Protein chains: 2
Amino acid sequence: MAITSTRAAGHSIGQAAALSGVNAETIRYFERIGLIPRAGRMSNGRRTFGPEHLRRLAFIRQARELGFAQSDVRQLLGLADGAPGSCAKVKVIVDANMQAIRGKIARLRRLEEVLKAVSASCANGTRPDCPVIEALMHDAPAALSRGA
Amino acid sequence: MAITSTRAAGHSIGQAAALSGVNAETIRYFERIGLIPRAGRMSNGRRTFGPEHLRRLAFIRQARELGFAQSDVRQLLGLADGAPGSCAKVKVIVDANMQAIRGKIARLRRLEEVLKAVSASCANGTRPDCPVIEALMHDAPAALSRGA
DNA sequence: TCTTGCTCCTGTAGTTACTACAGGACCTAT
DNA sequence: ATAGGTCCTGTAGTAACTACAGGAGCAAGA
């Protein structure tokens, strides 16, 4: 849209990256896939980013760090942009992600137990036959059979 | 190597998939990238899998389920194949993965806390302005700043 | 003025670990 | 003969970026 002069009003992509914590190449990628609107260009073709862009980038980064999938982020942005009173939908997405995270935690805790046992069986690591390899070769770790 | 007759000695890829729990297409992929040795072929070109292949596939599946990266699996298989007395190296890999898993668990627990707070702030989800969106837009969740 | 170095541009390919499909061959049974 | 199932190879798609190639602009120092 707005094509500004070379003396920029907004931030360069490098500045936007530093300010938002999103890698510059990733910002271009987000623009390409439409996760953020197309940034303004200066007369030399370089992007300028205003505060609204920075807020959006920060939002995306936070959401991604919280483990939201890109599709979730897209939905949340859509809800944030348009649809008033869509807070309930937002809560659904957040709660679904919280459930997923709790599931992951439970699963990882089981994995930790298995690995701890396996590492302990290795003891000092001086035995000629490796019990770890043997264990992985033959057993289905009981802790994993449930709820893969 | 061994080209068998049509009446097979070993298992078909479908059977191998069922027995090992590894998808048939994934088995072909593993063969292609050299994670398993090239399976024998029957006179009609179809693969046959013997018990050694099945053990290897089971091993890979277990290790992947335990969160080992493919590169780790490859190393472990190498250690299992050759190098006697390499149990110590195996232990190193296992322990590194255990550390990684513990880190993931800690991180996910922090995420859970943030999401729980965020979801609670949403309460009944009937407010016109969504505090979740606002929170993600503006705040850097303190729990995440450390140890990303 | 030239040169060095930085940032930026577009477009494409690589990454991880698979999964899915296209298009064809073969096998088994009715 | 024909229908359905399994298998083959090879390629392309997935998520979510990251990295690179090849080029252009810009600012500052010698």
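Remember, predicted model here, so these are calculated numbers, not experimental data. Just so we're on the same page: letters track the sequence lines, and every chain starts at 1.
Of the side-chain N and O atoms in Arg47(A), one or more sit less than 4.0 angstrom from OP1 or OP2 of dT10(C). Residue Ser12(B) has no polar side-chain atom (N or O) positioned under 4.0 Å from OP1 or OP2 of dT6(D). At least one side-chain nitrogen or oxygen of Gln70(B) sits closer than 4.0 Å to the OP1 or OP2 atom of dC18(C). OP1 or OP2 of dC7(D) has not a single side-chain nitrogen or oxygen of Arg41(B) nearer than 4.0 Å. Between Thr26(B) and dT19(C) there is a side-chain N or O to OP1 or OP2 distance below 4.0 Å.
Spacing between atom CE of Met42(B) and atom P of dC27(C) amounts to 9 Å, rounded to whole angstrom units. Remark: C1' of dA12(D) and OH of Tyr29(B) are 14 Å apart, rounded to the nearest angstrom. For the pair Ile27(B) CD1 and dT19(C) P, the interatomic distance rounds to 11 Å; values are reported in whole Å. Here dT6(D) presents its P atom at 11 Å from CD of Gln15(B), a figure rounded to the nearest Å. One can place CG of Leu35(B) at 12 Å from C1' of dC18(C), the figure rounded to the nearest angstrom. Spacing between atom CZ of Arg38(A) and atom P of dC9(C) amounts to 10 Å, rounded to whole angstrom units. Distance His11(A) NE2 to dT7(C) C1': 17 Å, rounded to the nearest Å.
In this structure, the side chains of Gln99(A) and Asp95(A) stay at 4.5 Å or more apart for every pair of heavy atoms. Side-chain contact between Leu77(B) and Ile60(B) is present, with at least one heavy-atom pair separated by less than 4.5 Å.
Side-chain atoms of Arg28(A) lie closest to dT10(C) of the nucleotides dT19(C), dT10(C), dT9(D). Comparing atom distances between the Asn44(B) side chain and each of dC27(C), dT7(C), dG10(D) picks out dC27(C) as nearest. Here dG11(C) is the nucleotide among dC17(D), dG11(C), dC8(C) with the atom lying nearest to any side-chain atom of Glu25(A).
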Arg41(A) and Arg46(A): CA distance, side-chain angles, deciding distance, side-chain contact (heavy atoms from CB on, under 4.5 Å) verdict: CA-CA 5 Å; Arg41(A) 306 292 151 131; Arg46(A) 298 192 173 193; over 6 Å; no
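If you find the closest nucleotide of DNA chain D to Arg32(B) and to Ile13(B), the one lying nearer the 5' end belongs to Ile13(B). Across the interface with DNA chain C, nearest-nucleotide mapping of Arg46(B) and Arg64(B) shows Arg64(B) to be the residue nearer the 5′ end.
Using a cut-off of 4.0 Å between Lys/Arg side-chain N and Asp/Glu carboxylate O, Lys116(A) and Glu113(A) are scored as salt-bridged. Under 4.0 Å is where a charged nitrogen must lie from a carboxylate oxygen, and between Glu31(A) and Arg28(A) no such pair does.
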